[in-house]
K.L.:
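I have a structure here, written as structure tokens, and I will follow up with some questions on it.
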Amino acid sequence: MVVLDAAHGGDDTGGRLTDGQLEKNFTLALSGRLRSLLAARGIQVVTTRDSDATVEPNRRAEIANHAQAQACLSLHASESGSGIHLFTSSLAPAQPARFAPWKTAQATWVTRSLALAGTLNSALLHTGMSVTLGRTTLPAIDSMTCPAVAIEITPEQSADHKTAAGLDDKNYQARVATALAAALVEWRMEAQQP
Ligand SMILES: [Zn+2]
């Protein structure tokens, strides 16, 4: 079970991308594409939104926590930077508590989230993409009780810092989605090992 969280939506448009495309539409399209790829690989998917709807961060966390997912990917896009940025929660790892407090619930999952980021990183690097790993405060993810990573897709740059593939490049979108699906298949295999 994987939760796909298309960031932004409704009143929250997110950033403005190439050709005036809104981030909220880009993330929804990527979520749909990834859902199909995962379904074809026998992985069940729950999404936090399937339309241009406003979904509060707490609601996104509720959906993910209710699903008891093995992974949650929160999808973003930005024109700034290059390649793929993977963010995990900046909460310090904590021991499991009987009742995990809201907004810091992710603390007991941070170690697993970092492992998930590692698996995603390997799969993306394997396809020749550049990856930047970071940790930050993530309003929805910080309340999630599952391995969770925020993924920000930005234009691909060549070695001489020219744009090799923009966010509107269909081929690039397909490569990113395929690599993420491959990573989740790998993640499932790792989880099944004793
Ligand atoms: Zn965003």
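Note that ligands are numbered from 1 as they come in the structure, with each ligand's atoms numbered from 1 the same way.
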K.L.:
For residues 129-137, tabulate all N or O donor-acceptor pairs below 3.5 Å that involve a side-chain atom, not counting sequence neighbours.
P.N.:
unit_1: R135; atom_1: NE; unit_2: S89; atom_2: O; d: 3.0
unit_1: R135; atom_1: NH2; unit_2: S89; atom_2: O; d: 3.0
unit_1: R135; atom_1: NH2; unit_2: L91; atom_2: O; d: 3.0

K.L.:
Between the side chain of K24 and the main-chain N/O of G10, is any donor-acceptor distance below 3.5 Å?
P.N.:
yes

K.L.:
Which pairs count as salt bridge (Lys or Arg N to Asp or Glu O under 4.0 Å) when at least one residue sits in residues 28-48, sequence neighbours excluded?
P.N.:
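Those involving residues 28-48 are R35-D50.
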
K.L.:
Tell me how many protein N, O or S atoms are closer than 2.8 Å to the Zn ion (ligand 1).
P.N.:
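For the Zn ion (ligand 1), the figure is 3.
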
K.L.:
What donor-acceptor contacts under 3.5 angstrom involve side-chain atoms of residues 14-23, with partners at least two apart or in another chain?
P.N.:
unit_1: T18; atom_1: OG1; unit_2: E79; atom_2: OE2; d: 2.5
unit_1: E23; atom_1: OE1; unit_2: H8; atom_2: NE2; d: 3.3
unit_1: E23; atom_1: OE1; unit_2: G15; atom_2: N; d: 2.8
unit_1: E23; atom_1: OE2; unit_2: H8; atom_2: NE2; d: 3.2
unit_1: E23; atom_1: OE2; unit_2: H76; atom_2: ND1; d: 3.3
unit_1: E23; atom_1: OE2; unit_2: A77; atom_2: N; d: 3.0

K.L.:
Dump the intermediate steps for side-chain hydrogen bond (donor to acceptor under 3.5 Å, both in side chains) on T54 and R59, then the final yes or no.
P.N.:
CA-CA 10 Å; T54 305; R59 179 68 193 132; over 6 Å; no

K.L.:
Looking only at the side chains, is there a donor atom on one of S143 and Q106 sitting less than 3.5 Å from an acceptor on the other?
P.N.:
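Note: S143 and Q106 side chains miss the donor-acceptor criterion.
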
